[in-house]
Structure formats: C-alpha cells, structure tokens
Amino acid sequence: NDFKLGLSICFDIRFPSLYWSYANQGVNIISISSAFTVPSGKAHWHTLVRARAIETQCFIVASAQYGRHNERIQTYGHSLIVDPWGRVLADGEEGEKLISSEVNFSQITEVRKSIKVFNDE
C-alpha cells in the first residue's frame, strides 16, 4: 500500500493545526518523535497522541525516549501506535522496547465514512 508520512516532534503535539494540515494533504501516517518528561508524560502523552489520531483520522506512530538522562531529566517513554479511531494498538510502556502493529489503510476510509470531518470524504 502507498502511504504518505507526516513528521513531527513532541512539542508539536500541542498544536493540532499542524496535524490537521497533514491530514488535509493526504497523509495517512503521522510520526511523532518524543522526549516527554515523566510529569508531563503521565499527564498528557496518551491523551494527546490519541487526540491527534482521532481528529486527523490517521495512524499515529509515536516513538518516545525513556530513562534517566541526568539528575534533573527523566523521560516518560511509552512509544505508541494508535489507529484512526483512537485505539492504542501498541504501547512500549517503560523501558527500551520495540513495538509493532499491523496497519490497515482501509480503516482510515471506514473511520472517515463514519465521522465526516473532511469535506471531500
């Protein structure tokens, strides 16, 4: 299957207009590389990643740095793969892990038919 990939970093996740722009350009997978710290990661990471998937109706692949980097910085981890309906397909949780999931692009079409947020769908 052909796919179009949109790239972003962790701070971008707080600006949904970037992701909306990607979806309007025909992107079907969005990558988010992250280094969320533990406090903001616990509070916001899963919610924001799922929200970006739901509002764009795209797959999100979010790699997340994990571990203690010095006495002040500890990153949250939890690399995620989320489908266009907002379901978490894979969660790396804590530690260094490789995650994977099957991605079915027809799911994007199904979700977009059920909740029409794009004018041309």
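For reference, positions follow the sequence shown, starting with 1. A quick note: this is a predicted structure, and the numbers were derived from the prediction, not measured.
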Applying salt bridge (Lys or Arg N to Asp or Glu O under 4.0 Å) as the test, list every pair that has at least one member in residues 53-79; sequence neighbours left out.
R52-E55
Tell me, which pairs form a salt bridge (Lys or Arg N to Asp or Glu O under 4.0 Å) where one or both residues lie in residues 20-31, sequence neighbours left out?
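Listed by first then second residue: nothing to list.
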How close do [X] and [Y] get, heavy atom to heavy atom, and via which atoms?
| X | Y | result |
| --- | --- | --- |
| G6 | V27 | N-CG1, 3.5 Å |
| Y19 | I9 | OH-O, 4.0 Å |
| S100 | A90 | O-CB, 3.8 Å |
| R50 | G86 | NE-O, 2.5 Å |
| D91 | L80 | CG-CD2, 3.5 Å |

[X] with [Y], same ILVMFWY side-chain cluster at under 4.5 Å:
| X | Y | answer |
| --- | --- | --- |
| Y66 | V82 | no |
| I81 | L5 | yes |
| V117 | I54 | no |
| V88 | I13 | yes |

Could you tell me whether a side-chain N or O of [X] sits under 3.5 Å from a main-chain N or O of [Y], the two making a donor and an acceptor?
| X | Y | result |
| --- | --- | --- |
| T75 | Q65 | yes |
| Q25 | K4 | no |
| S79 | A64 | yes |

Would you check if Y22 and T56 make a side-chain contact, meaning some heavy-atom pair closer than 4.5 Å?
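Side chain of Y22 against side chain of T56, heavy atoms only: no contact under 4.5 Å found.
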Run the ring-ring contact (aromatic ring centres under 6.0 Å, His included) test against [X] and tell me which residues pass, sequence neighbours left out.
| X | result |
| --- | --- |
| W85 | none |
| F36 | W45 |
| H46 | H78 |

Quick one: [atom1] on [X] to [atom2] on [Y], what's the gap to the nearest 0.5 Å?
| X | Y | atom1 | atom2 | value |
| --- | --- | --- | --- | --- |
| F15 | S8 | CZ | OG | 12.0 Å |
| S33 | D12 | OG | CG | 10.0 Å |
| I30 | L18 | CD1 | CG | 7.5 Å |
| S101 | L89 | OG | CG | 4.0 Å |
| F105 | C58 | CZ | SG | 10.0 Å |
| I108 | F59 | CD1 | CZ | 5.5 Å |

Centre-to-centre under 6.0 Å for F118 and W20, is that the case here?
yes
Got more than 12 heavy atoms from elsewhere within 6.0 Å of NZ, K42?
no
Residues forming a salt bridge (charged side-chain N to carboxylate O under 4.0 Å, His left out) with D83, sequence neighbours excluded:
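Per chain and number, D83 pairs via salt bridge (charged side-chain N to carboxylate O under 4.0 Å, His left out) with R87.
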Classify the side-chain pair E110/S114 by whether it contains a donor and acceptor separated by less than 3.5 Å.
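No pair is found: no donor N or O on one side chain lies under 3.5 Å from an acceptor on the other.
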